[in-house]
Protein chains: 2
Amino acid sequence: MMSTIHSPQSTYSISDLSKEFDITTRSIRFYEDQGLIKPKRRGQTRIYSLKDRVRLKLILRGKRLGFSLAETRRLFELYDADKSSSTQLNTMLDLVNEKKSALQQQMDDIKVVLMELNSAEQQCKAALEDNSAKKNK
Amino acid sequence: MMSTIHSPQSTYSISDLSKEFDITTRSIRFYEDQGLIKPKRRGQTRIYSLKDRVRLKLILRGKRLGFSLAETRRLFELYDADKSSSTQLNTMLDLVNEKKSALQQQMDDIKVVLMELNSAEQQCKAALEDNSAKKNK
DNA sequence: TGCAAACTTTACCTTTACGTAAACTTCATA
DNA sequence: TATGAAGTTTACGTAAAGGTAAAGTTTGCA
């Protein structure tokens, strides 16, 4: 099932994607189960499109940022949703603003922790030099 | 058990902390269970120190960044560890660098997602204006 | 002294995000 | 043709991070 033609591929097998993103096929099927991706089928074999691949990338990035699969699915749904419904658009705006402020908070957290880690690193290095100066094992 | 004196308090009850950080007492005891904090006891009542409070804050910040409790505990352990053991110091350096690059990656992720969210926000607003111009419900 | 609020332990329950195993089908190819 | 790789479904298991309930202390204070 492994496709050999590279570059701008337009369909992918499940193992193509599991290798590319270094996740198990189990995970990919699970995301489908949860309604995050909807690959076509050829017989009972799943055929993934470019859109599916983009979504996978978004799912994984979301995960790195602590989004639950349910949250990510919600974002997908809204993104696909009816653009003529003002109610939907407002719901989306609310969600977007919620996410934005959460991410701002995360940015701030990260900056603080990075500074602390840098400081810890310096202390470690200093202590190591100190140790080697004193020549104790 | 609620202490009434404010400002630089030096001990706290479990409910003091649960209120301050807006988490349940169950969570606080769970963190203790997992070896992240070690409050003193008066009888069987837990007495939390400033250090415990700082750790709680660190635990929660870690959680916001997607650190597991086990990871946070590991960082605490290394921080408390023997500063004369070069092996330990090197282990710590490794862990610190690992965390640093993960956080850098997160920062990059966040920047991308923030840009996308901003763009989504603009599109929503434009669509809303469009809708109201066309006066459809 | 005697309640009510706050504290405690113990223990089982829940959700999320998969892992793992079993048993089956499809397909290329030796 | 048969064997092995890759795919599939179904189903049970698991780890993390608590929630919740039961049943029992402790303590302030009216």
Side-chain angles (χ1 to χ4, degrees), chain A residues 1-5 9 11-49 52-53 55-76, chain B residues 1-5 9 11-49 52-53 55-77 102:
Chain A
M1 190 60 50
M2 172 63 166
S3 324
T4 43
I5 302 158
Q9 223 170 310
T11 71
Y12 308 84
S13 72
I14 195 165
S15 53
D16 285 348
L17 294 181
S18 85
K19 278 168 198 154
E20 176 172 358
F21 293 112
D22 196 28
I23 55 180
T24 65
T25 58
R26 175 70 176 89
S27 299
I28 298 178
R29 292 194 194 98
F30 184 75
Y31 300 151
E32 179 180 348
D33 234 56
Q34 302 300 303
L36 291 168
I37 41 183
K38 297 174 180 65
K40 297 275 177 292
R41 298 285 183 129
R42 178 163 56 226
Q44 67 171 4
T45 301
R46 291 167 173 82
I47 309 290
Y48 296 87
S49 66
D52 293 323
R53 183 165 162 269
R55 289 212 161 184
L56 244 187
K57 189 178 288 192
L58 292 172
I59 292 167
L60 298 177
R61 195 166 60 197
K63 282 174 61 62
R64 288 199 300 273
L65 298 180
F67 290 26
S68 72
L69 296 181
E71 283 176 313
T72 299
R73 185 188 52 204
R74 187 102 183 79
L75 286 167
F76 286 172
Chain B
M1 190 60 48
M2 173 62 168
S3 324
T4 44
I5 300 160
Q9 225 169 308
T11 71
Y12 307 83
S13 72
I14 196 167
S15 53
D16 285 348
L17 294 180
S18 84
K19 278 168 198 157
E20 177 172 358
F21 292 111
D22 195 28
I23 54 180
T24 64
T25 59
R26 176 67 176 89
S27 300
I28 298 178
R29 292 194 194 98
F30 184 74
Y31 300 151
E32 179 179 349
D33 235 56
Q34 302 300 303
L36 291 168
I37 40 182
K38 297 171 181 65
K40 296 275 177 293
R41 297 286 183 129
R42 179 163 54 225
Q44 67 171 2
T45 300
R46 291 166 173 82
I47 309 290
Y48 296 87
S49 68
D52 294 322
R53 183 163 162 269
R55 289 212 160 183
L56 244 187
K57 189 178 289 193
L58 291 172
I59 292 168
L60 297 177
R61 196 166 59 197
K63 282 175 61 62
R64 288 199 301 272
L65 298 180
F67 290 26
S68 72
L69 296 182
E71 283 176 312
T72 299
R73 185 187 52 205
R74 187 102 182 80
L75 285 168
F76 285 172
E77 282 167 7

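Keep in mind that the numbers below use all heavy atoms, side chains included, and drop hydrogens, waters and symmetry copies. The sequence lines fix the lettering, A, B, ..., with proteins before strands; numbering per chain opens at 1.
Here D/dA6 presents its C1' atom at 13 Å from CZ of A/R42, a figure rounded to the nearest Å. Across the protein-nucleic acid pair, A/I28 atom CD1 and C/dA17 atom P stand 16 Å apart, rounded to whole Å. Going from atom CG of A/L60 over to atom P of C/dA17 covers 12 Å, rounded to whole Å. Rounded to a whole Å, the CD1 atom of B/I47 is 10 Å from the P atom of D/dT27. As rounded to whole Å, 16 Å separates atom P of D/dA11 from atom CZ of A/R29.
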Return all side-chain donor-acceptor pairs below 3.5 angstrom for residues 27-36 of chain B, not counting sequence neighbours, or 'none' if the list is empty.
from: B/S27; atom 1: OG; to: B/T24; atom 2: OG1; distance (Å): 3.0
from: B/R29; atom 1: NH1; to: B/T25; atom 2: OG1; distance (Å): 3.4
from: B/E32; atom 1: OE1; to: B/R46; atom 2: NE; distance (Å): 2.6

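Listed pair B/T25 / C/dA6 fails the phosphate criterion, with no side-chain N or O lying under 4.0 Å from OP1 or OP2. Dashed line: the shortest gap from a side-chain N or O of A/R46 to OP1 or OP2 of D/dG7 is not under 4.0 Å. Neither OP1 nor OP2 of C/dA17 sits under 4.0 Å from any side-chain N or O of A/R73. Here A/S13 reaches the OP1 or OP2 of D/dG7: one of its side-chain N or O atoms lies under 4.0 Å away.
Side-chain contact between B/L58 and B/L75: absent, with no pair of heavy atoms (C-beta onward) separated by less than 4.5 Å.
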Footprint string (nucleotides 12-25 of chain D, 5' to 3'): B base within contact, S backbone only, - free, heavy atoms under 4.0 Å: -----BBBB-----

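Looking at residues two or more places apart in sequence or on another chain, you find no side-chain hydrogen bond (donor to acceptor under 3.5 Å, both in side chains) involving B/E77. Under the side-chain hydrogen bond (donor to acceptor under 3.5 Å, both in side chains) criterion, B/R64 pairs with A/D109, not counting sequence neighbours. In this view, A/R73 satisfies the side-chain hydrogen bond (donor to acceptor under 3.5 Å, both in side chains) rule with no residue, not counting sequence neighbours. Applying the side-chain hydrogen bond (donor to acceptor under 3.5 Å, both in side chains) rule to A/S49 yields the partners A/D52; only residues at least two apart in sequence or on another chain are considered.
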